[in-house]
Amino acid sequence: MLEGKYNPETLDAAAQALWEAEGVHRYDRDSTAEIYSIDTPPPTVSGSQHIGHVFSYTQAECIARYQRMLGKNVFYPFGFDDNGLPTERLTEKEHGVLGREMPREAFVALCRETSARYKKEFEALWRSLGFSSDWSLVYSTIDERAIRISQRGFLDAYAKDQVYQHTSPTLWDTETQTAVAQAELESKDKRTKMNDLRFDLVAGGGVDGGHIVIATTRPELLCACVAIFIHPKHPQAAELLGQKAKVPLQDIEVEILADDKVDPEKGTGIVMCCTFGDKTDVEWYQKHRLDLRQGIGRDGRMTDLAGPEANLFANQARRAILERLTESGHLLGQEEIANAVNVFEKTGREIEFLPTKQWFIKVLDKKAKLVELGEKIRWHPTHMGKRYRNWVEGLDWDWCISRQRFFGVPFPVWFCEGCEHVFTAPEAWLPVLDHSNHEITDPCPSCGGTSWRPENDVMDTWATSSETPEINAQWGEPTPPDACPLPMTMRPQAHDIIRTWAFYTIVKSWIHFGDIPWADVMVSGHVQVGGRKKISKSKGNAPTDPNDMVRDHGADATRYWALSATLGNDYVYSEDDLKQGRRLCVKLWNASKLAQTHLQGFDRSAVTAAPLPVDTAIRTSLADTVRKASLDLDRYEFGIAKGVIEQFFWGELCDNYLEMIKNRLYDESPEGAEAREAARAGLYDVLYGVIRLLTPFTPHVTEAVYQALFRASEGTTSVGKAPWPSAEAPEGANEATAAWDAGVSVLTAVRRWRSEEKVSPGKPLSRVEVRAGADVAASAAAVAEDVKAAARIAELVVTEDESLDPGAVALQSAELAEPPAA
RNA sequence: GGGCGGAUAGCUCAGCUGGUUAGAGCACCUCGUUUACACCGAGGGGGUCGGGGGUUCGAAUCCCUCUCCGCCCA
């Protein structure tokens, strides 16, 4: 029974308890139905979830529910991305420790504890929103299965020659002291000084009096200067090429070389090359086979090469050496400029380039193939595919996957101490959690040595999260009890990580299977706050906490908000949407309570009465709504679908149909029995239809209605397992709809008259005459009784007026009924 | 500088394979408690669809251009 007012607090909990107890959302491993699998993004366990998570995850959840109601076997797992740097940094912050300053085992244990705690919190939020995930399929990227599959993925790539180890200048973060990948960079505008420095030219044995001027933002790197470059077409090129210059304050003479990468417009058109100030330096170092003079160490401090500035951090060294350059007269000028620098997204620190040995996955050699794969995938909205393509085409580096960190998936690899030959773990050893648990008994096949050194680096988080389809499919596992086939059906994710998560996943899938990882990608937008600002943790401008949202507005209203956007578009947070969602739930609750009073003891299967035109018309409208909503949901446009459904429910079912059938419903006389039965059947059908349509959006309130009014007769345990309603129009749809339209036109005319004349809708009218256009005049009679009921008219006269448009109605006269005697 | 979006009512957004007087919700104004619902109902005001060109019988919709905003890259 539906009793009292709509109360999401009790109703949400009851629905969720039912789903849990009945296992409603279990993936059915024995089913032969078509599988719809979703590669859910495992949220990063890095502190707190914000409303952006609720926004995008709910959008995918809506699709899961829709597909399930279409009869598909929905594989909808949940995962958590808890390995890697984000968890390390959270743990370091919470415990006031530094991973590199404590024993590795102890730090890893702390990380595990931290991630387990947050995981619990995360799961509680998703459950409170009514997510229809199969919680038995949950994974975490640091659990044994994920590690095993991640390592299997690495070994597969290694065996296929898709992974290599290489010492080269690598993107390096000096705060976390690890290599990072291109995708983890952000560019930031910084105010800095461009310094004009005098470099004296040397000829023969010494300075000959001539000099050149070089502009640099990084004078601290003078100690690492290895060459000077000039554009071959620079006016001074002919005279300077082949000469040498003395680096100010350093005991270094470097050659002046030509390269067309020098921008002749920038600075003086002559630049120094240091190892390494930026990416161009790296390119020149490799192309011109320059010396290596490493000025900055792994910890961001200057090396001994810096002389007096050794051990200072780069920015301190910059100040110090500028003082010395001023004193020595080498600093000729300074200008404040805005300079775009690359920083590591996790720390905000400027990236350095350090020559270190790292593991790389080959991507540059397969750009064309990756573009092609991207075109095989259906991107929703389509323009997101262009972003992927744009990223792939702009790649400059292979994918560096090794990190000099602690809490991550170990490389299942050892090196021969004698010859650095690589030993890879056999399959039976996976997961390799601790290298010391395994003993290599064979001698090195290359040098015969017997001493092996484990690889202590760990894999970057993305190296594992790029394997989520494989983790879901339980790729390579001995007995896959609930695996889904690959490629999966759909990947939901936000647009900012197309360049990372989507891209890396496609790379891995290509390497492992030569195929796409999923057929569809559903790309959601971001939540913004007033003024189209990005929500960011650092600004602390999140309008609300997701848990508060659910608590204050209910799960369904929260979902309603998230499902009000169009796919891929950023959406400004608005509390109005939450209120509107709540209103919809209240409306559905109240309409259902009305239905409940009239459907007591009603047996749908025993109905013999023929439907009246309005009953057929509302069924027709329902079918049309189903058709439209399905088309939108098929293309992942949940927001449009929701609008269509809402319009049907509120604007047609509540505002007109319920009003029109009220008299019939309340009429318990024997003469009215048949008309009443037809009305009850109509009410039953359209309400049952509309709660099913709304279930992907507001599953809790629709579940309450289903359990109270439909479960006994329909049989299915949950509305979430009920079949999606049919889009097939009933017999006589066209005539009925014409009659309905005529009736609504008359009804609207009477309502307008009441409003203009300030006559309460409740006051009965004894007689109303309207003039009507041809169409209305022809059809109105068929629905006259129901219109009279809704409009509270005793006698209705419709006269055709050829001067009116066919669908128009003009009220001619209306008479108030005598007020009842006091 | 390049790529991709966006700019429509006070606010948040639909509409954009060109075609009746450009829509919705909220907000605002007027009226009204009928036995599902005042978290309601009825009615109403409010927009030269960012600016400027062009194509067309006809443009919010297509083309060009400019301005501003967001994301990604350089």
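Remember, predicted model here, so these are calculated numbers, not experimental data. Within every chain, numbering begins at 1; the chains are lettered A, B, ... in the order of the sequence lines, protein sequences first and strands thereafter.
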Just name whichever nucleotide pairs with [N], Watson-Crick or G-U, keeping both distances under 3.5 Å, else none.
N      : answer
B:rG32 : B:rC40
B:rG10 : B:rC26
B:rC71 : B:rG3
B:rC62 : B:rG54
B:rG18 : none

[atom1] atoms of [N] and [M], separation to the nearest Å:
N      : M      : atom1 : result
B:rU33 : B:rA38 : C1'   : 8 Å
B:rA27 : B:rG41 : P     : 12 Å
B:rC11 : B:rG51 : P     : 15 Å
B:rU8  : B:rC71 : C1'   : 22 Å

Atom-to-atom span, [atom1] of [X] to [atom2] of [N] - whole angstrom:
X      : N      : atom1 : atom2 : answer
A:F649 : B:rC40 : CZ    : C1'   : 13 Å
A:E575 : B:rA27 : CD    : C1'   : 14 Å
A:R752 : B:rU30 : CZ    : C1'   : 15 Å
A:M384 : B:rC73 : CE    : C1'   : 16 Å
A:L584 : B:rA24 : CG    : P     : 18 Å
A:R754 : B:rG32 : CZ    : C1'   : 10 Å
A:I498 : B:rC71 : CD1   : C1'   : 10 Å
A:H495 : B:rG5  : NE2   : P     : 12 Å

Are [X] and [Y] close enough that their ring centers fall under 6.0 Å?
X      : Y      : result
A:F344 : A:W172 : no
A:W399 : A:Y504 : yes
A:F638 : A:Y66  : no

**OP:** Please indicate whether A:K367 has more than 12 foreign heavy atoms, meaning atoms of other residues, nucleotides or ligands, lying under 6.0 Å from its NZ.
**Re:** yes
Among [options], the nucleotide that comes nearest once only the side chain of [X] is considered:
X      : options                : result
A:K758 : B:rC13, B:rG41, B:rC31 : B:rC31
A:R499 : B:rC72, B:rG32, B:rU12 : B:rC72
A:Y571 : B:rC37, B:rU12, B:rG5  : B:rU12
A:D655 : B:rA42, B:rU12, B:rA74 : B:rA42
A:P761 : B:rA74, B:rG32, B:rC26 : B:rG32
A:Q580 : B:rC13, B:rG25, B:rG5  : B:rG25
A:T566 : B:rG43, B:rU12, B:rA14 : B:rA14
A:N569 : B:rG5, B:rC37, B:rU12  : B:rG5
A:N590 : B:rC13, B:rC37, B:rC71 : B:rC37

Does [X] make a side-chain N or O approach to OP1 or OP2 of [N] shorter than 4.0 Å?
X      : N      : answer
A:W650 : B:rG41 : yes
A:R583 : B:rC37 : no
A:K386 : B:rG5  : yes

Subject >> Exercise: identify the closest heavy-atom pair between A:L588 and A:I691 >> reply: CD1-CG2, 4.1 Å
**OP:** Compare every heavy atom of A:V262 with every heavy atom of A:H231, then report the nearest pair and how far apart it is.
**Re:** CD2-O, 3.1 Å
With a non-hydrogen cut-off below 4.0 angstrom, is [X] in contact with a base, only sugar-phosphate, or nothing?
X      : result
A:L185 : sugar-phosphate
A:R792 : base
A:K587 : base
A:E637 : nothing
A:I640 : sugar-phosphate
A:R582 : base
A:S564 : nothing
A:W753 : nothing
A:K763 : nothing
A:S592 : nothing
A:W589 : nothing
A:C654 : base

Original post:
If you find the nucleotide of RNA chain B closest to A:H383 and the one closest to A:K5, which residue's nucleotide is nearer the 5' end?
Top reply: A:H383
**OP:** With the side chain counted from C-beta on, respond yes when A:V787 and A:E659 share a heavy-atom pair under 4.5 Å apart, and no when they do not.
**Re:** no
Subject >> Test item: A:R378 and A:V521 side chains (from C-beta on) under 4.5 Å apart, heavy atoms >> reply: no
Subject >> Stepwise salt bridge (Lys or Arg N to Asp or Glu O under 4.0 Å) test for A:R389 and A:E393 >> reply: CA-CA 6 Å; A:R389 187 190 177 120; A:E393 287 175 343; 3.0 Å; yes
